[in-house]
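Heavy atoms only: backbone and side chains are in, while hydrogens, waters and symmetry mates are out. Chain A is the first sequence line, chain B the second, and so forth, proteins listed ahead of strands; every chain is numbered from 1.
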Protein chains: 2
Amino acid sequence: MTGVSEVADLTSVERAIAALTSELGADAVSAGEQDVREYRDPYDYKGSDRYTASAVVTPRTVEQVQAVVRIANELRVPLWTFGQGRNNAYGGSAPRVKGSILVSLRECNRVLEVNDDLAYALIEPGVSFFDLYDHLQAGGHRLWPSIPDLGWGSVIGNTLEYGRGYTNHGEHPAMACGLEVVLANGEIVRTGMGALSAGKVWNSYPWSFGPSHAGLFFQSNFGIVTKMGVWLMRRPDVFLSGWAKFEDDDTIVAFTDAVRELMLDGTIRNLPLLGYGLGIGEEITFGEEGWALRFALYGREAIVDAQYEIVRETLAAIPGVEVGRRVFTWEQRPDVQGHNDKVHAGVPGMELMDAFLIPYGPDTGHLDLSLVGPMDGADLAASIGVLRELYGATEFPYLAGVLFLGRSVLHISSLFFDTKDERQTRAAYDTYAHLVGEMARRGYPVYRTNIQHMDLVADTLDWNDHAQRRLNELLKDALDPNGILSPGKQGIWPRSMRA
Amino acid sequence: MTGVSEVADLTSVERAIAALTSELGADAVSAGEQDVREYRDPYDYKGSDRYTASAVVTPRTVEQVQAVVRIANELRVPLWTFGQGRNNAYGGSAPRVKGSILVSLRECNRVLEVNDDLAYALIEPGVSFFDLYDHLQAGGHRLWPSIPDLGWGSVIGNTLEYGRGYTNHGEHPAMACGLEVVLANGEIVRTGMGALSAGKVWNSYPWSFGPSHAGLFFQSNFGIVTKMGVWLMRRPDVFLSGWAKFEDDDTIVAFTDAVRELMLDGTIRNLPLLGYGLGIGEEITFGEEGWALRFALYGREAIVDAQYEIVRETLAAIPGVEVGRRVFTWEQRPDVQGHNDKVHAGVPGMELMDAFLIPYGPDTGHLDLSLVGPMDGADLAASIGVLRELYGATEFPYLAGVLFLGRSVLHISSLFFDTKDERQTRAAYDTYAHLVGEMARRGYPVYRTNIQHMDLVADTLDWNDHAQRRLNELLKDALDPNGILSPGKQGIWPRSMRA
């Protein structure tokens with residue numbers, strides 16, 4: 001589906017850089033080799049320049065975003081947009097099409113509103129999880145963000161990539177309420193009830209009068225999101241950071257089904273993570289034997305106590321399972337230590353980055369094979385068995401975490417490699433590609449992938465001869481006829497670049 | 001935005017009826033005056049034929065839906081699709097454009113799958129809430145549906161109109177997981193992970209790889225939904241049907257804020273309904289003085305007890321508020337009586353229909369002014385005050401229910417009238433139109449409206465000079481260039497019918 005022109009036309013790009021500089025000012029545009037170098041895929045082979053941009057433009061206002069889009073349309077230059085550009089393991093800030101102009105929204109970084117009563121914030125794409133956390137703390141708000149493993153990423157960027165966190169608000173895409181989007185035609189649209197000028201519910205009511213458009217702008221190249229409402233969690237009286245451990249793979253069947261029932265009946269409302277060899281103490285440790293689940297409970301003390309008692313009784317009744325907890329009041333939150341408790345408390349950090357770099361030092365790369373499966377114990381155990389076998393035939397060990405979503409799971413296994421080692425890096429990417437095909441054939445799609453594998457994953461989505469891709473292409477051609485917005489993202493190519 | 005051609009071309013319609021009869025068989029097409037009469041808006045003035053269809057076609061398979069769409073495209077004939085056609089107070093099954101051919105999906109009425117473990121069903125559009133309930137009961141499934149006030153409607157139709165129920169799964173649009181859609185170009189698409197042929201998670205994981213399209217097909221004329229996954233509630237150990245009563249409007253401020261906090265912290269997880277003069281006993285009664293909230297709790301007995309204690313303490317601490325409950329085990333559910341307990345138990349019924357007909361007998365009509373506002377006590381009290389005053393200047397009393405969604409509310413007031421009385425009927429529609437404008441100006445949009453008021457409501461959604469409408473028109477023209485699918489729905493008109 002690709003290949004017609006996977007490299008941007010350099011003459012047009014030069015003209016675009018001049019026009020952008022003239023329009024936004026010289027300090028908003030950088031095109032030096034070193035400047036663009038830092039935006040390459042951090043986990044690609046260090047010697048590769050396949051995914052290098054030609055420039056980076058940093059608009060500071062929505063009007064400047066519109067200007068960027070206008071210039072790109074005039075000169076038919078591909079853009080590639082990011083909030084913070086921390087989408088590591090999926091390409092970081094690097095563009096799919098070499099020579100694209102990066103649109104960095106890092107300077108659009110205001111928290112525009114915090115509504116304490118209705119428990120939401122309205123933010124711009126440059127706001128990181130650290131920024132949002134700091135803003136809420138500084139303002140004395142009774143609100144907690146949900147955060148992913150690393151705090152440096154853009155809240156909007158993470159959400160639009162279907163990222164997750166670990167509190168009761170961990171299903172990030174479902175916590176977005178109200179987008180503002182710059183379309184390729186330069187129009188600014190607000191989704192949902194943002195369509196009413198005088199309206200009071202853009203960020204508290206998630207649906208439209210008529211079709212709801214927000215989903216169109218997730219993992220998408222149909223528009224540039226410039227504002228988002230994000231629902232926040234009311235600060236709980238107490239929170240409980242819990243865990244359950246077991247050794248045998250066989251236990252997964254009953255254990256997974258039991259946790260699912262606890263989620264379906266509302267006893268557990270966060271997104272629990274099951275990992276192998278992750279440890280679950282205050283400090284994350286690698287290499288520990290056996291499986292461990294971490295989960296969290298929030299709210300009034302009496303209810304948290306009753307919920308924990310049910311979780312404990314239910315899970316400890318499964319042979320070989322050990323259950324534990326740490327309980328905190330909200331006042332104790334600033335003292336929370338260790339990755340597991342911090343993510344449960346919505347406190348952003350970078351401690352997992354150190355863990356990511358253990359295998360090969362600062363140049364360690366990794367790919368995440370992020371599969372979706374049903375939250376069914378027997379099915380999960382079988383898919384773990386299949387992956388152990390598939391990984392066993394490669395040079396990479398099976399290292400996995402399973403995020404429980406209630407009715408489905410994200411079964412994420414990571415391949416670590418040395419990005420200075422071309423052979424090993426290539427082997428990781430090839431192994432990943434092989435695993436995607438093997439698992440798709442067995443019914444497990446990937447929810448998010450690296451720029452290098454976007455076409456591959458899109459190819460697996462074959463129902464009715466790839467009808468969903470044709471729908472995406474129809475929408476792409478209508479919304480972005482010149483194909484300027486992130487061409488190739490998620491395997492969606494504009495007409496001019498389709499084979 | 002309308003008016004170019006609000007009546008279908010009758011020659012084309014005649015040819016389409018012939019083609020449909022030839023393709024689907026005579027028993028799938030009816031065009032007699034009496035046949036189409038029953039599909040008119042039940043609450044329009046009885047002497048009016050403004051919204052009369054020219055025929056009704058009843059496909060039984062997705063292939064037949066494709067054939068209908070093909071014929072409509074060939075002959076440029078407008079269609080208007082419904083599942084059961086029970087969207088009363090919003091037009092019933094009647095088309096926006098007179099002379100449209102109705103596409104009744106009542107015969108596409110299979111429950112295709114029930115997944116007991118993952119708690120979902122895959123259904124067709126003709127499946128009513130009664131059908132789904134009966135199917136779950138007959139199969140001995142440990143699953144409860146969430147139901148709206150009347151059980152005869154289509155589950156898919158209700159969900160796509162952003163309908164609500166009253167259990168923990170009452171936010172129906174958020175419980176849809178996986179759509180199958182016939183597009184105007186005849187293609188069948190499955191949303192989300194339905195794109196993977198071998199996939200296991202179409203109805204358990206709600207997002208796509210790439211953009212998520214489901215929202216496009218809500219309250220929409222962009223496609224015909226032929227299948228939907230719907231998430232169901234795990235049968236709880238016990239359920240509690242609770243209420244709280246108070247007399248004074250002034251109490252609304254503290255009461256609403258207190259209920260919001262109980263919802264934000266997860267103590268109350270259903271959608272509670274606050275009504276004036278509705279009564280809250282086992283039988284619904286009209287004309288009782290004062291405000292009453294009904295709410296429900298579900299789950300393990302210990303947790304339900306602890307939650308109720310917190311609700312009671314919190315709400316009874318507000319002066320003038322009285323709190324009560326009825327508790328049932330799941331085994332007692334078949335014995336539940338009365339509308340309030342039935343909707344909390346997910347048991348469909350028709351008892352509210354009798355209440356709807358009290359004012360003027362069997363020809364009583366009503367309109368629902370379905371406003372969205374923030375879930376803020378002071379704001380709600382103020383908006384009730386404004387509406388009382390606005391209604392006070394009309395011949396219609398202010399009769400309202402407020403559905404609490406957690407961060408927003410649906411503030412629904414109903415105008416009752418005698419559909420045999422042309423003057424009164426017209427007065428109701430005119431009053432409604434006036435109120436829409438008054439409330440939009442104050443920041444309250446409408447989430448759902450009658451076919452007669454769709455253009456009016458769309459006109460209120462004015463942000464950035466109606467940018468959302470232009471996005472809808474762009475999508476409409478791309479997805480349905482001949483404008484055959486439900487033209488005018490929600491104020492979205494195809495190019496050929498735009499002024």
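- No side-chain heavy atom of Arg190(B) sits under 4.5 Å from any side-chain heavy atom of Leu461(A).
- Proximity of Arg470(B) to Leu183(A): side-chain heavy atoms (C-beta onward) are nowhere separated by under 4.5 Å.
- Two residues are said to be in side-chain contact when any heavy atoms from C-beta on lie closer than 4.5 Å; His213(B) and Gln468(A) meet this criterion.
- For Ile492(B), the part lying near chain A is the side chain, with the backbone staying farther off; criterion is any non-hydrogen pair under 4.5 Å.
- Thr449(B) places a side-chain heavy atom less than 4.5 Å from the side chain of Phe209(A).
- Neither the backbone nor the side chain of Asp465(B) comes within less than 4.5 Å of any heavy atom of chain A.
- In this structure, the side chains of Ile303(B) and Asp265(A) stay at 4.5 Å or more apart for every pair of heavy atoms.
- Interface remark: of the candidates Ser408(B), Gly406(B), Ala478(B), Ser408(B) forms the most heavy-atom pairs closer than 4.5 Å to chain A.
- For Glu180(B), the part sitting under 4.5 Å from any heavy atom of chain A is the side chain, from C-beta outward, and nothing else.
- In terms of the ring pair (Phe, Tyr, Trp, His ring centres under 6.0 Å) criterion, Trp202(B) has no residue partners (sequence neighbours excluded).
- A donor and an acceptor atom, one from each side chain of Ser208(A) and Tyr447(B), are nowhere located under 3.5 Å apart.
- Applying the side chain to side chain donor-acceptor pair (under 3.5 Å) test to Arg164(A) and every residue at least two apart in sequence or in another chain returns Glu171(A), Tyr205(B).
- Here Arg448(A) pairs with Asn87(A), Tyr90(A), Glu161(A), Gln219(A) under the side-chain contact (heavy atoms from CB on, under 4.5 Å) rule; sequence neighbours left out.
- The contact between Leu232(B) and chain A is made entirely by backbone atoms, counting heavy-atom distances below 4.5 Å.
- Residues Asn472(B) and Pro211(A) are in side-chain contact: their nearest non-hydrogen atoms beyond the backbone lie under 4.5 Å apart.
- Counting heavy atoms from C-beta on, the side chains of Asp117(A) and Arg407(B) never come closer than 4.5 Å.
- Contacts between residues 436-446 of chain A and chain B, counted as heavy-atom pairs separated by less than 4.5 Å, involve Ala440(A), Arg441(A), Arg442(A), Gly443(A), Tyr444(A), Pro445(A), Val446(A).
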